[in-house]
Amino acid sequence: MIIKLSPNPTEATIDRVSQWFSQQGVEARQVNLSGQTLFVTSSKWKGDPSELKTLEGVESIVNPGTEYQLCTRKFQEQNTVIDLGDGVVFGRGNTVMMAGPCAVESEDQVMRTAEFLRSKFDIKVFRAGAFKPRTSPYSFQGLADEGLKILDKVRDRFGMKIITEVKDTTHLDAVADVADIIQIGTKAMYNFSLLNFCGQMDKPIVLKRGFMTTIKEFLQGADFILSNGNSKVILCERGIRTFEPQTRFCLDVCAAALVKELSHLPIVLDPSHAMGIAAQVPLVAQSAAALGIDGLLVETHPDPANAKSDKEQALSFEQFSEMVSVLDKICTAVGRTLVA
Ligand code: PEP
Ligand code: MN
């Protein structure tokens, strides 16, 4: 249950509402989100809020009826719009292409990729990880701080925005210094301290769905960030694990379609990690674009065969180019503009 207070509530109003809850023995969390002061209780609280409505300073009460609450359209009907400038807008009818290699491997590899994306397609958001959450401790873990410095140079040289991932709280500040968008990966999605800290950042957060996460848990993850005050959450469907071993994961377009209705947050899709096989990534990207989504995350590399991570799914520049020309038409057909 979400209790909205009137704008700019006094301390006395906040205390009154807070005391009402303590008298009932109910835990209610104060949330400051997008200039609104709210109290949110667990959805399990089935008490009668009618007396609350009579308290001075209480504007309205919303009961989304689900355990995820702040991300729902019942709380906020209209789309959350996240505008990073330079035409990079999530949630307003565009499909923003975010592209680059899986990992920062070297300055040369990153600069070649950024040069290609910016000069050929005017792509505005560059993706690459400096802190890589690998499944094996023996494989390339990323260049860490050195990698972040290289990403900073991409922004300086090409004027691109940077999306890069954070694995845990130890390097969150370092990542936030460089990133325009902070990415929380599929495995880090269950790191609730990380979600809380990202909720205290004034930066857009791409929250990737865990590959074994239900839609409900995914949206609850978003609520962790929102309830800490950060309204700039972008959801990312990147494939879930099924019984099928021949594709890396399975892009859950059903979840994406449903989430568009359930949540006001922008949603982007990652066909690269879902498919895991470069030759088929463009087809999956096409089906994702046809859904009418806010963005795509796609991996491309100047020399896929020698990529240090996720080489099987990295598109060559040729494959990437062919994909973009088709995506452009699909986005137009579904009433969107591809921001690339
Ligand atoms: C990535 O974007 O390179 C990545 C590791 O993504 P995910 O967390 O979805 O596996
Ligand atoms: Mn990757």
Side-chain angles (χ1 to χ4, degrees), residues 34 64 66 68-84 88-99 124-125 127 161 163 165 180-186 188-189 195 198-199 203-226 230-240 249-275 281 284-299 327 330-331 333-340:
S34 311
T66 45
Y68 46 92
Q69 303 189 57
L70 295 170
C71 65
T72 63
R73 288 204 190 268
K74 290 192 177 145
F75 168 62
Q76 179 189 307
E77 206 183 327
Q78 71 283 14
N79 290 346
T80 284
V81 175
I82 301 172
D83 188 344
L84 281 88
V88 179
V89 189
F90 297 89
R92 206 192 280 139
N94 293 331
T95 298
V96 179
M97 173 60 81
M98 297 173 276
K124 296 172 174 65
V125 187
R127 65 138 293 147
K161 315 231 177 263
I163 171 167
E165 64 203 287
D180 297 282
I181 306 172
I182 299 169
Q183 175 180 319
I184 300 176
T186 195
M189 201 220 102
L195 300 185
C198 285
K203 293 250 165 163
I205 310 288
V206 160
L207 177 66
K208 285 191 155 195
R209 179 182 180 193
F211 56 76
M212 306 227 284
T213 299
T214 61
I215 295 171
K216 178 181 144 213
E217 288 163 349
F218 182 31
L219 294 177
Q220 283 182 292
D223 259 40
F224 264 91
I225 303 171
L226 296 170
N230 188 349
S231 61
K232 296 180 199 143
V233 180
I234 300 166
L235 301 168
C236 178
E237 160 56 37
R238 48 78 70 205
I240 53 170
F249 293 97
C250 179
L251 190 73
D252 190 356
V253 288
C254 298
L258 194 57
V259 162
K260 270 161 68 95
E261 185 189 311
L262 296 175
S263 178
H264 53 81
L265 297 172
I267 179 156
V268 303
L269 270 64
D270 175 345
S272 298
H273 290 85
M275 185 66 224
V281 165
V284 182
Q286 287 172 31
S287 58
L291 264 175
I293 40 144
D294 298 300
L296 284 161
L297 261 174
V298 178
E299 289 187 348
L327 287 182
I330 293 178
C331 288
V334 296
R336 291 189 168 241
T337 308
L338 184 69
V339 180

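As a basis for the values below, the full set of heavy atoms in this structure was taken, side chains included, without hydrogen atoms, waters or symmetry mates.
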Original post:
Counting N and O atoms only, with roles assigned by atom type, does the side chain of N94 sit under 3.5 Å from a partner on the main chain of L338, one being a donor and the other an acceptor?
Top reply: no
Original post:
Is any side-chain heavy atom of V96 less than 4.5 Å from a side-chain heavy atom of V268?
Top reply: no
**OP:** Quick one: pull up CG in D270 and CE in M275 and give me the separation to the nearest 0.5 Å.
**Re:** 13.0 Å
Original post:
Do the side chain of K208 and the main chain of E237 share a donor and acceptor less than 3.5 angstrom apart?
Top reply: no
**OP:** Please confirm whether the backbone N or O of I267 pairs with a side-chain atom of D294, one donor and one acceptor, at under 3.5 Å?
**Re:** yes
Original post:
Think R238 forms a cation-pi with F211, using NZ or CZ under 6.0 Å from the six-ring centre and within 45 degrees of its axis?
Top reply: no
Original post:
Side chain of N79, backbone of L265: donor and acceptor closer than 3.5 Å?
Top reply: no
Original post:
Is there a donor-acceptor contact under 3.5 Å from the side chain of Q183 to the main chain of G185?
Top reply: no
Subject >> Heavy-atom donor-acceptor pair, H264 side chain to L70 backbone, under 3.5 Å >> reply: yes
Original post:
Side chain of K260, backbone of I293: donor and acceptor closer than 3.5 Å?
Top reply: no
**OP:** With side chain to side chain contact (heavy atoms under 4.5 Å, CB included) as the test, would you mind laying out the steps for L262 and T72 before giving the verdict?
**Re:** CA-CA 6 Å; L262 296 175; T72 63; over 6 Å; no
Original post:
Can T80 and K232 be said to form a side chain to side chain contact (heavy atoms under 4.5 Å, CB included), step by step?
Top reply: CA-CA 8 Å; T80 284; K232 296 180 199 143; over 6 Å; no
**OP:** Determine yes or no for a side-chain-to-main-chain donor-acceptor pair under 3.5 angstrom, with S231 supplying the side chain and S34 the backbone.
**Re:** no
**OP:** State whether the side chain of E217 and the backbone N or O of T214 hold a donor-acceptor pair below 3.5 Å, judged by distance alone.
**Re:** yes
